[in-house]
S.K.: 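Have a look at this one.
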Amino acid sequence: MSSSPSTPGLARFNDLEERAAATALHEVCASAEWGRGLLAGRPYATVDGLLAASDAATAGLTAAELARAMAGHPPIGRPEQGDAVSAREQHGMGDATAELKAEMLRLNLAYQEKFGHVFLVCATGRTGEQLREALGRRLGNTPAEEREIARTELGKINRIRLTRLVTEDPTAEDPRAEAPRAEDPTAV
């Protein structure tokens, strides 16, 4: 018996028209190969089934598709403007000191110089200091070791994002959204 039954969000995902489902999956992971793998498995009976398909698709990514997936992630400490998902995932860097942010920038640049891609880590629930320690530690890896660690981290990120996709109510208001101000003429 599965530990995660079907959810209304999973049913919505299963029922999406293929193009809309592909778009939703692209927001989870920038690899088209990964997305096609998950689309091919629909409909999913359980969230666990979807997550298992994600794990298999992540494990099977070619080097080029892994690079494409990593390129879809901003550097730690520098989420792109308007990227609420990355900002939420990198929340631990939000309260980082200016010194820590500067050090992360330096370490990120050293990492990218050495490995040729963004430092990819599942940042959810980690503090800025923990992220700095992970980045510093991983700088000592070989390119082959780092590629497989990045693949594992991508799998963790994909699982978190997929779970959110199929369990959150898309009609619910984001509690982090700022309420309209009274003087705003567009406020409702």
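Counting from 1, the numbers follow the sequence of the chain as shown.
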S.K.: Can you tell me how far CG of Leu16 sits from CZ of Arg42, rounded to the nearest 0.5 angstrom?
M.R.: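 It is 6.0 Å, given to the nearest 0.5 Å.
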S.K.: Can you tell me how far apart CD (Glu133) and CG (Leu107) are? Round to the nearest 0.5 Å.
M.R.: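 Result: 11.5 Å between the selected atoms.
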S.K.: Hey, is CD on Glu18 packed in by over 12 heavy atoms from elsewhere, all under 6.0 Å?
M.R.: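 12 or below, so no.
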S.K.: What's the shortest heavy-atom distance between Ala24 and Leu165, and which atoms?
M.R.: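 For Ala24 and Leu165, the tightest heavy-atom pair comes out as CB-CD1, 4.2 Å.
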S.K.: Would you name the heavy atoms of Thr58 and Arg151 that are closest together and state the gap between them?
M.R.: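 Answer, listing the atom of Thr58 first, then Arg151: O-NH1, 2.8 Å.
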S.K.: Phe13 vs Leu50, test: side chain to side chain contact (heavy atoms under 4.5 Å, CB included). Steps then yes/no.
M.R.: CA-CA 10 Å; Phe13 172 72; Leu50 174 63; 4.1 Å; yes
S.K.: Any idea which heavy atoms bring Arg68 and Ala30 closest together, and the distance?
M.R.: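 Nearest pair, atom of Arg68 first, then Ala30: O-CB, 3.6 Å.
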S.K.: Mind checking whether Ile149 and Leu120 have side chains closer than 4.5 Å, heavy atoms only?
M.R.: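 Contact flag for Ile149/Leu120 side chains = no.
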S.K.: Any side-chain heavy atom of Trp34 sitting closer than 4.5 Å to one from Val28?
M.R.: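 The answer is yes, as the side chains (C-beta and beyond) meet within the 4.5 Å cut-off.
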S.K.: Can you give me the closest heavy-atom contact between Cys29 and Leu154, atom names plus distance?
M.R.: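 Distance-wise, the nearest heavy atoms are SG-CD1, 4.3 Å.
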S.K.: So, do Lys156 and Val121 sit near enough that their side-chain heavy atoms are less than 4.5 Å apart?
M.R.: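 No. Closest side-chain heavy atoms not under 4.5 Å.
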S.K.: Taking the cut-offs as 6.0 angstrom to the six-membered ring centre and 45 degrees off its axis, would you call Arg147 and Phe115 a cation-pi pair?
M.R.: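 Checked: cation-pi criterion not met.
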S.K.: For the CD atom of Glu27 and the CZ atom of Arg164, what is their distance to the nearest 0.5 Å?
M.R.: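 Interatomic distance, Glu27 CD to Arg164 CZ, rounded to 0.5 Å: 12.5 Å.
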S.K.: For the side chain of Glu65 and the backbone of Glu33, is there at least one donor-acceptor N/O pair under 3.5 Å apart?
M.R.: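 The answer is yes, because a donor-acceptor pair under 3.5 Å joins these two groups.
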S.K.: Can you give me the closest heavy-atom contact between Leu10 and Tyr44, atom names plus distance?
M.R.: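 Heavy-atom minimum between the residues: CD2-O, 3.6 Å.
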S.K.: For the pair Tyr111 and His117, name the ring-plane relationship: parallel under 30°, tilted 30 to 60°, perpendicular over 60°.
M.R.: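 Tyr111 and His117: perpendicular rings.
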S.K.: Ignoring hydrogens, what is the shortest heavy-atom contact between Gln112 and Val118? Give both atom names and the distance.
M.R.: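 Of all heavy-atom pairs spanning Gln112 and Val118, the closest is NE2-CA, 3.8 Å.
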